[in-house]
There are 2 protein chains.
Amino acid sequence: MIVFPMPKHPSDKTGKPGRRVTLADVAREVGASTITVSRALRRPEMVSEGLRQRIAAAVETLGYLPDPAAQALASRRSNVIGVLIPSVTNNVFSDVLAGLYDTVGGTAFNVQLGNTRYRAEVEEELIRIFLSQRPAGLIVAGIDQTPASRAMLAQAECPVVQIMELGEDPVDMLVGFSHRDAAQAATEHLLAQGYRAPAFLGARMDPRSERRHAGFRAALAAASPEGAAPARELTTTEPSSVRLGGVLFDRLRERFPETDAVFCNNDDLALGAQFAAQRAGLKVGPEVGICGFNDLEVMSAAHPTITSVRTFRRETGETAVRKVLARLAGEEAGPDVTDLQWKLIPRSSTDRG
Amino acid sequence: MIVFPMPKHPSDKTGKPGRRVTLADVAREVGASTITVSRALRRPEMVSEGLRQRIAAAVETLGYLPDPAAQALASRRSNVIGVLIPSVTNNVFSDVLAGLYDTVGGTAFNVQLGNTRYRAEVEEELIRIFLSQRPAGLIVAGIDQTPASRAMLAQAECPVVQIMELGEDPVDMLVGFSHRDAAQAATEHLLAQGYRAPAFLGARMDPRSERRHAGFRAALAAASPEGAAPARELTTTEPSSVRLGGVLFDRLRERFPETDAVFCNNDDLALGAQFAAQRAGLKVGPEVGICGFNDLEVMSAAHPTITSVRTFRRETGETAVRKVLARLAGEEAGPDVTDLQWKLIPRSSTDRG
DNA sequence: ATGCTTATTGACAGCGCTGTCATTCGTCAA
DNA sequence: TTGACGAATGACAGCGCTGTCAATAAGCAT
């Protein structure tokens with residue numbers, strides 16, 4: 001491998017091994033200009049066959065890797081796809097993330113995560129910061145941005161995808177499903193199974209949870225036309241957990257002893273409710289129905305198995321990234337709104353036997 | 001707000017609203033040079049009180065945000081802390097991530113995630129790519145990098161933290177605990193509780209799982225000095241899941257009917273094993289002991305509650321970032337190796353009553 | 001008053017790359 | 001033969017910021 005002298009950065013007093021291999025190095029190696037090498041890498045069809053191959057070889061032997069900072073500065077466009085989600089730990093979002101990372105992996109793009117911690121003002125600040133990086137794309141959870149956030153997203157010079165929900169007017173693109181419909185269907189399932197007094201259990205009531213809550217209410221209202229359905233509901237702002245599901249279940253039975261089924265805002269709560277029911281000596285299914293939301297893997301493995309509403313979280317991440325990439329490639333990115341649906345999965349926990 | 005004319009980028013044919021506010025804009029506003037504004041932002045103590053305040057005010061009114069790409073290019077150092085983990089979904093890592101994001105949030109740094117998918121060659125490639133971004137720091141899971149990876153990490157001009165394990169010679173810094181010791185203690189607990197024939201259940205046997213496996217064996221070997229302890233073990237390379245825990249448990253009982261306790265490689269398997277035991281009509285605790293690993297939240301909420309080894313995952317992420325930040329700030333980053341320990345949490349699932 | 005610090009500020013160049021606008025050269029219809 | 005044209009390549013400037021070094025002002029002991 002031939003080493004060429006090179007002007008050093010003022011601060012580079014030493015001839016450290018870490019010296020960067022630049023486009024210029026590759027260009028010199030093949031006797032072309034930097035811009036041609038740049039093109040060979042980004043728009044190969046613009047460079048003649050022979051040169052292109054020699055450049056590829058030189059890139060390989062020299063171990064050239066582009067500097068994303070320089071690329072971003074010169075092209076006014078970074079390779080970062082910003083992703084704003086309210087929680088990193090939440091199973092729901094970690095599945096979405098897995099889909100995102102899988103789809104973005106292998107491309108020249110990078111995911112940059114922003115944790116909004118369920119707070120609109122944090123989201124607003126993060127949008128501002130992300131936008132200052134001239135991102136390649138932006139993916140944000142939910143459709144309930146502040147007006148300021150919406151304005152920034154609308155003006156953004158990159159594809160924007162809102163995910164996890166459905167809505168009337170997406171800022172740009174939208175991938176999700178109707179939480180309301182899904183919850184309504186789940187509640188209708190409980191009623192159809194013969195449960196007379198279903199209750200709602202909710203924790204961390206974010207906008208999506210609220211919509212599920214609304215779906216629950218709608219189903220109940222439809223079932224008792226006189227509108228006299230009592231509100232058996234227990235919600236809290238605490239973060240959701242299995243333990244909390246148990247606590248809420250016990251409290252619910254205390255307050256509404258007639259309860260014979262629970263629709264839980266998410267699977268953690270449902271699992272906790274099931275454990276609590278078992279502790280109380282109740283037969284889950286025959287004596288108390290339990291339905292979760294999201295259909296985490298554990299639901300199908302629990303004993304008894306737990307009914308839930310399957311949501312396509314991984315697919316949400318994949319689709320969102322694909323839409324961004326398609327738009328960047330100038331292709332049609334498909335319809336602005338993609339409904340990923342949901343699917344009720346009835347299991348033993350709502351089987352009255 | 002005063003708007004100054006400014007030379008446009010060649011490609012900026014329109015006077016779009018999105019025109020960037022630069023250091024130069026702020027400098028003009030306060031009548032100082034760009035470099036002074038830059039200093040006021042990065043090393044406030046070098047700029048006089050009055051100027052500093054006027055600059056701060058101008059930054060505020062103009063809405064100036066630094067361009068990370070330009071900063072990275074000029075300073076030869078990006079604000080990215082690279083993080084390499086084998087899985088995004090795995091609960092274990094998502095807790096670590098939560099710790100990372102929490103600690104890095106609010107600083108000027110950004111986390112960039114790389115998913116190695118449990119593959120050393122992918123890790124190697126990602127290290128190469130990350131390094132080409134001149135990261136502010138690098139955090140990698142495990143201590144089993146390939147020689148090439150190790151070499152790159154050793155030469156990296158940034159703090160490097162290996163996490164999740166303990167080891168003899170960290171590349172730079174290390175935060176973790178001894179999987180072997182923890183597993184050995186868990187196995188000893190089973191024996192101390194009076195279980196005679198404990199088995200090992202493992203899935204996705206990565207290096208950490210192997211070390212736990214070794215700990216299990218060591219405990220058994222110590223308990224039967226003649227060395228005649230039969231190997232009741234069932235492992236698979238499949239990714240771990242609750243369902244798989246059940247499958248393995250059933251298979252285990254078929255193959256080694258005398259088994260009266262299982263040490264599971266992780267909590268998902270343990271939970272699945274418990275469900276399977278219950279399905280088989282076994283009383284968990286008295287008839288079969290179950291012990292997990294990691295102590296996910298669900299373990300303390302399950303019915304019966306499940307014994308596990310608590311590991312400090314969130315703290316791992318926090319500590320790793322703090323070490324990077326301390327090093328970058330020029331402070332002592334503490335000892336090179338931080339042992340975060342582990343803690344056995346005995347619960348009903350290993351209580352023979 | 002003199003020389004010498006120390007505290008502030010600025011000029012300048014350049015980080016590594018890409019957008020834009022030439023330039024060169026061979027091809028081909030007229 | 002000539003002009004037009006497309007393909008391939010290059011020159012140049014500049015993206016927004018910071019490292020380095022120089023300049024100036026201010027403070028202070030001698």
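The structure presented is a predicted model; accordingly, all values stated were derived computationally and were not measured. The figures that follow rest on heavy atoms only: side chains count, while hydrogens, waters and symmetry mates do not. Lettering follows sequence order; numbering is per chain, from 1.
When distances run from any side-chain atom of A/Ser75 to the nucleotides D/dT18, D/dC15, C/dT18, the shortest one goes to C/dT18. For A/Ala70, the listed nucleotide lying nearest its side chain is C/dG16; candidates were D/dC17, C/dG16, D/dT18.
Between the CG atom of A/Leu62 and the P atom of C/dG16 there is a distance of 15 Å, given to the nearest Å. Atoms CG (B/Asp67) and P (C/dC15) sit 18 Å apart, rounded to a whole Å. A/Ile55 has its CD1 atom 13 Å from the P atom of C/dC17, to the nearest Å. Between the CZ atom of A/Arg134 and the C1' atom of C/dT18 there is a distance of 13 Å, given to the nearest Å. Atoms CG (A/Leu73) and P (C/dG19) sit 12 Å apart, rounded to a whole Å. Between the P atom of D/dC15 and the CG atom of B/Leu23 lies a distance of 13 Å, rounded to the nearest Å. Atom CZ in B/Arg43 sits roughly 13 Å away from atom P in C/dT8 (whole-Å rounding). The nearest whole Å value for the distance from the CG atom in B/Leu41 to the P atom in D/dT18 is 8 Å.
The side-chain contact (heavy atoms from CB on, under 4.5 Å) test applied to B/Asn110 returns A/Gln112, A/Gln133, B/Asn79, not counting sequence neighbours. With sequence neighbours excluded, the residues satisfying side-chain contact (heavy atoms from CB on, under 4.5 Å) with B/Thr89 are A/Asp95, A/Ala98, B/Ser87. Contacts of B/Arg39 classified as side-chain contact (heavy atoms from CB on, under 4.5 Å), with partners at least two apart in sequence or in another chain: B/Ile35, B/Thr36, B/Met46, B/Val47. A search for side-chain hydrogen bond (donor to acceptor under 3.5 Å, both in side chains) contacts involving A/Glu123 returns nothing, not counting sequence neighbours. Legend: residues meeting side-chain hydrogen bond (donor to acceptor under 3.5 Å, both in side chains) with A/Tyr64, ordered by chain and number and at least two apart, are absent. Every residue meeting the side-chain contact (heavy atoms from CB on, under 4.5 Å) condition with B/Glu125, not counting sequence neighbours, appears here in chain and number order: B/Arg128, B/Ile129. Every residue two or more places apart in sequence or in another chain was checked for a side-chain hydrogen bond (donor to acceptor under 3.5 Å, both in side chains) with A/Ser132, and none qualifies. Residues meeting the side-chain hydrogen bond (donor to acceptor under 3.5 Å, both in side chains) test with B/Thr34, sequence neighbours left out: none.
A side-chain donor-acceptor contact under 3.5 Å links A/Arg20 to the backbone of A/Leu65. The closest donor-acceptor contact from the side chain of B/Asp25 to the backbone of B/Thr22 lies under 3.5 Å.
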Mind listing the side-chain donor-acceptor pairs of residues 135-148 of chain B below 3.5 Å, one per line with the distance, residues two or more places apart or on another chain?
unit_1   : atom_1 : unit_2   : atom_2 : d
B/Asp144 : OD1    : B/Arg211 : NH2    : 3.0
B/Asp144 : OD2    : B/Arg211 : NH1    : 3.2
B/Asp144 : OD2    : B/Arg211 : NH2    : 3.4
B/Gln145 : OE1    : B/Gln162 : NE2    : 3.0
B/Gln145 : NE2    : B/Gly142 : O      : 3.1
B/Thr146 : OG1    : B/Glu124 : OE1    : 2.8
B/Thr146 : OG1    : B/Ser149 : N      : 3.0
B/Thr146 : OG1    : B/Ser149 : OG     : 2.9

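Rounded to 10°, the helix from C/dA1-D/dT30 to C/dA30-D/dT1 has 40° between the axis fitted to its first five pairs and the one fitted to its last five.
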For nucleotides 9-11 of chain C, list the nitrogen or oxygen atoms of the protein found under 3.5 Å from its nitrogen or oxygen atoms, one pair per line.
unit_1 : atom_1 : unit_2  : atom_2 : d
C/dT9  : OP1    : B/Ser48 : OG     : 3.0
C/dT9  : OP2    : B/Ser48 : N      : 3.0
C/dT9  : OP2    : B/Ser48 : OG     : 3.4
C/dG10 : OP2    : B/Ser33 : N      : 3.0
C/dG10 : OP2    : B/Ser33 : OG     : 3.0
C/dG10 : OP2    : B/Thr36 : OG1    : 2.6
C/dG10 : N7     : B/Arg39 : NH2    : 2.8
C/dG10 : O6     : B/Arg39 : NH1    : 3.3

Measure all distances between protein nitrogen or oxygen atoms and nitrogen or oxygen atoms of nucleotides 23-25 of chain D, and list the pairs falling under 3.5 Å.
none

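Counting non-hydrogen atoms under 4.0 angstrom, B/Arg52 reaches nothing in the nucleic acid.
For C/dG19, one of the phosphate oxygens OP1 or OP2 lies less than 4.0 angstrom from a side-chain nitrogen or oxygen of A/Arg42. An OP1 or OP2 oxygen of D/dT18 is reached within less than 4.0 angstrom by a side-chain nitrogen or oxygen of B/Gln71. Considering only side-chain N and O atoms, B/Arg76 lies nowhere under 4.0 angstrom from the phosphate OP1 or OP2 of C/dG14.
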Salt bridge (charged side-chain N to carboxylate O under 4.0 Å, His left out) for A/Asp169 and A/Arg150? Distances and angles first, verdict last.
CA-CA 11 Å; A/Asp169 57 332; A/Arg150 257 195 93 90; 3.5 Å; yes

